[in-house]
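All of these numbers come straight from a predicted model, not from anything done at the bench. In what follows, chains carry the letters A, B, and so on, assigned in the order in which the sequence lines appear, proteins first and then strands, with residues in each chain numbered from 1.
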Amino acid sequence: MGKENQMINIDNITYEYKSEEENLIAIKDLSLDVEQGEFIVIIGHNGSGKSTLAKHMNALLLPTEGVVEVKGMDTKDEDHTWDIRQIAGMVLQNPDNQIVGTIVEEDVAFGPENLGVKREEIIERVENSLSLVGMDAYRLKAPHLLSGGQKQRIAIAGIIAMKPDCIILDEPTAMLDPEGRREVMKTIKKLNKEEKITIIHITHFMEEAVDADRVIVMEDSKIVLQGRPREVFKQVEKLKKLGLDVPQVTELAYILAREGINIPADVLTVDEMVMKICQLQ
Amino acid sequence: MLKDITIGQHYPTGSVVHKLDPRTKIIAVFVFIITLFLVDNFMAYGFVAVFVLLCIMISKIPMKYIIKGLKPLTFIILFTLMINSFMIAGEIIISIGPLSITKEGLYQGSFMAVRLIMLVIGTSLLTLTTSPITLTDGIESLLNPLKKIGVPAHELAMMMTIALRFIPTLLEETDKIMKAQMARGADFESGSLIKRSKSLVPLLVPLFTSAFRRADDLAMAMEARCYRGGEGRTRMKQLKYYKRDFVAIVIVVSMFAILYFS
Ligand SMILES: Nc1ncnc2c1ncn2[C@@H]1O[C@H](COP(=O)(O)OP(=O)(O)OP(=O)(O)O)[C@@H](O)[C@H]1O
Ligand SMILES: [Mg+2]
């Protein structure tokens, strides 16, 4: 395996939440390799282990069995914990609970400050990160006065300021309105395309998965399905059986096809659908 | 209603007062508080009041905003005034039943009330003109020499920052929960004291649950952003004294000296 362009290597890990009453296996014999620059979307039920997996990718959790490597560094190696967390940044679901600073720029500076970056460079990084997420105008605002989508973009800027190679986003859009979701998705895609940052995006919104390089479906602490969005989503019945949705357009295509209309089952976007329908006789 | 609380809120205007080093302002407020407690005549208070008014004007914070901040304290101020007026023996002005207001009491009472008002305005002027992080930076820097005797300066400052950061969030949340419980028929505003305290339970339980969940999340987010205590941390904003800081300190200290020694 060519390790040079590998971002994260997860080798046969198991993770058990241990407590007094019972032990709960949240991840079971799971392997996954993420390449540099990839845009991965992870979907799956509540409780299927997505967040647990995400926390393994920046050493917030250590596997009970197996090995997780970030750019070749074992997450169990305490000498590398902080390097790993600098390389693999994490954005959480609730924007209110991850903003530390009382002013936008102070929050964005929090990460680089922790890394001991020099003052002049912090200022530069804060400026760049804020303009990358399109929030430069809000630099001196108080975060609690911003909208959910804006707060989440500040949280992303705070991660970018640490110059990560990879960002893991655990349902960053779950608490946002459609407008906020669009803003955040646009930002994530831009980071992936223009900044070449590897993205691992966990979501319950299937529409957010259609542009991914790879979709990973988790169920009951395992990966049950993965591939390009088109290949994954055309398995409408299998996904339904797992209790998951497919993008609305794909579902429509599926229903139309079932009714005998000549539409391929792997339509992902509205535009594509319009094309296919116009081509119908 | 909860929106009225201005303590701990920052009101940026970019004035000279805002630009002063936080350490200057903290020291100034300390001197100010000591002055308030040492001074014992209305003349001197008049002098202090003029000084405070000047500071407010220079800071460009609207008077309305300052007065709004006093509102939640109306009760305590009135209470202080009344207790003093009724309790202190002396020349009786008015009698209401068994109670009587004395001249000395009224004098002492208004004295205390003015002192309280000044105290609140003075300290809120500090928080209004200083961003919470700068403020905690100032405290950390002033406490730094005490690190040697085991005062956890950085940790205290971080705790304060987080508390200040979450005040608005938690207030908003309290408001939301209150409305939700009111929609279910909860009554927070009438009934006996006991009944009212009881009605707080359905407010406090969800509030605490959510606060603990937030704390959990925040701790994780901070760890994910490589936070590992004060060691090896750099700061984007570095505190620095300018000429204006010396001027401010000289003014405040000389005011104290004039009032105290004259
Ligand atoms: N801190 C914890 N202690 C004990 N068990 C936990 C803990 N966190 C999660 N679990 C359990 O581990 C399993 C996987 O949880 P996880 O949070 O990884 O799921 P998820 O796929 O992220 O779900 P969701 O979509 O709801 O976020 C669940 O059964 C959950 O109850
Ligand atoms: Mg989760």
Side-chain angles (χ1 to χ4, degrees), chain A residues 51 54-55 57-61 81-103 105-127 140-145 151 155 158-159 161-162 164 167-168 170, chain B residues 3 8-14 18 127 130-137 140 154 157-173 175-176 210-240:
Chain A
S51 300
K55 285 176 203 158
M57 297 181 183
N58 67 348
L60 284 173
L61 291 179
T81 306
W82 305 108
D83 297 327
I84 288 172
R85 290 191 185 152
Q86 181 264 313
I87 288 171
M90 176 112 131
V91 176
L92 307 174
Q93 181 182 98
N94 189 334
D96 275 326
N97 300 357
Q98 53 190 322
I99 292 179
V100 188
T102 45
I103 288 187
E105 66 166 5
E106 286 170 352
D107 183 70
V108 178
F110 182 72
E113 286 178 342
N114 291 335
L115 294 174
V117 174
K118 279 209 200 66
R119 193 172 159 265
E120 295 73 28
E121 196 183 333
I122 296 181
I123 294 171
E124 201 183 300
R125 285 193 189 191
V126 168
E127 257 168 40
L140 296 175
K141 290 263 165 15
H144 70 98
L145 299 175
K151 279 187 223 171
I159 300 295
M162 295 171 72
I167 302 182
I168 302 141
D170 192 354
Chain B
K3 297 249 150 59
Q9 300 283 27
H10 181 42
Y11 192 102
T13 64
H18 287 76
T127 53
T130 320
S131 95
I133 289 209
T134 337
L135 188 61
T136 43
D137 280 354
E140 182 175 355
H154 168 77
M158 190 46 113
M159 265 154 55
M160 275 189 56
T161 310
I162 291 170
L164 288 167
R165 151 71 184 82
F166 277 90
I167 286 173
T169 310
L170 289 178
L171 282 179
E172 211 173 284
E173 183 140 344
D175 223 35
K176 248 188 238 163
S210 121
F212 281 119
R213 207 186 40 241
R214 281 181 197 283
D216 234 20
D217 266 17
L218 183 71
M220 192 168 71
M222 286 171 71
E223 256 191 75
R225 288 167 81 179
C226 293
Y227 178 70
R228 54 199 128 157
E231 208 92 352
R233 237 181 145 238
T234 46
R235 303 309 315 265
M236 174 172 69
K237 289 196 181 136
Q238 247 144 23
L239 299 180
K240 205 174 151 201

How many angstroms lie between atom [atom1] of [X] and atom [atom2] of [Y], to the nearest 0.5 angstrom?
{"X": "B:E223", "Y": "A:T81", "atom1": "CD", "atom2": "OG1", "result": "9.5 Å"}
{"X": "A:T102", "Y": "B:I162", "atom1": "OG1", "atom2": "CD1", "result": "11.0 Å"}
{"X": "A:I103", "Y": "B:T134", "atom1": "CD1", "atom2": "OG1", "result": "6.0 Å"}

Checklist entry - With a 4.5 angstrom heavy-atom cut-off, which part of B:M158 approaches chain A: side chain, backbone, both or neither? => result side chain
Checklist entry - So which part of B:E231 gets closer than 4.5 Å to some heavy atom of chain A, the side chain, the backbone, both or neither? => result neither
Checklist entry - Could B:K237 and A:E105 be called an ion pair, given the rule that one side-chain N must be under 4.0 Å from one carboxylate O? => result yes
Checklist entry - Can you check whether A:I99's main-chain N or O pairs, donor with acceptor, with B:R165's side chain at less than 3.5 Å? => result yes
Checklist entry - Are any side-chain N or O atoms of B:T234 and backbone N or O atoms of A:R119, one a donor and one an acceptor, separated by less than 3.5 Å? => result no
Given a strict heavy-atom distance threshold of 4.5 Å, which part of [X] is in contact with chain B: side chain, backbone, both, or neither?
{"X": "A:L115", "result": "both"}
{"X": "A:D96", "result": "both"}
{"X": "A:L145", "result": "neither"}
{"X": "A:P143", "result": "neither"}

Item to check | Nearest heavy-atom neighbours spanning A:W82 and B:Y227 | outcome: CH2-O, 3.6 Å
Checklist entry - Looking only at heavy atoms, what is the nearest atom pair of A:V126 and B:M236, with distance? => result CG2-SD, 4.0 Å
Checklist entry - Can you tell which of A:E120, A:E121, A:E106, A:M162 has the highest number of heavy-atom pairs within less than 4.5 Å of chain B? => result A:E106
Checklist entry - Which of the residues A:L92, A:I168, A:N94 is involved in the greatest number of heavy-atom pairs with chain B at under 4.5 angstrom? => result A:L92
Checklist entry - Could you go step by step and tell me if B:F166 and A:H144 meet the side-chain contact (heavy atoms from CB on, under 4.5 Å) rule? => result CA-CA 9 Å; B:F166 277 90; A:H144 70 98; over 6 Å; no
Checklist entry - Pick one: which of B:D217, B:T169, B:D216 meets side-chain contact (heavy atoms from CB on, under 4.5 Å) with A:N97? => result B:D217
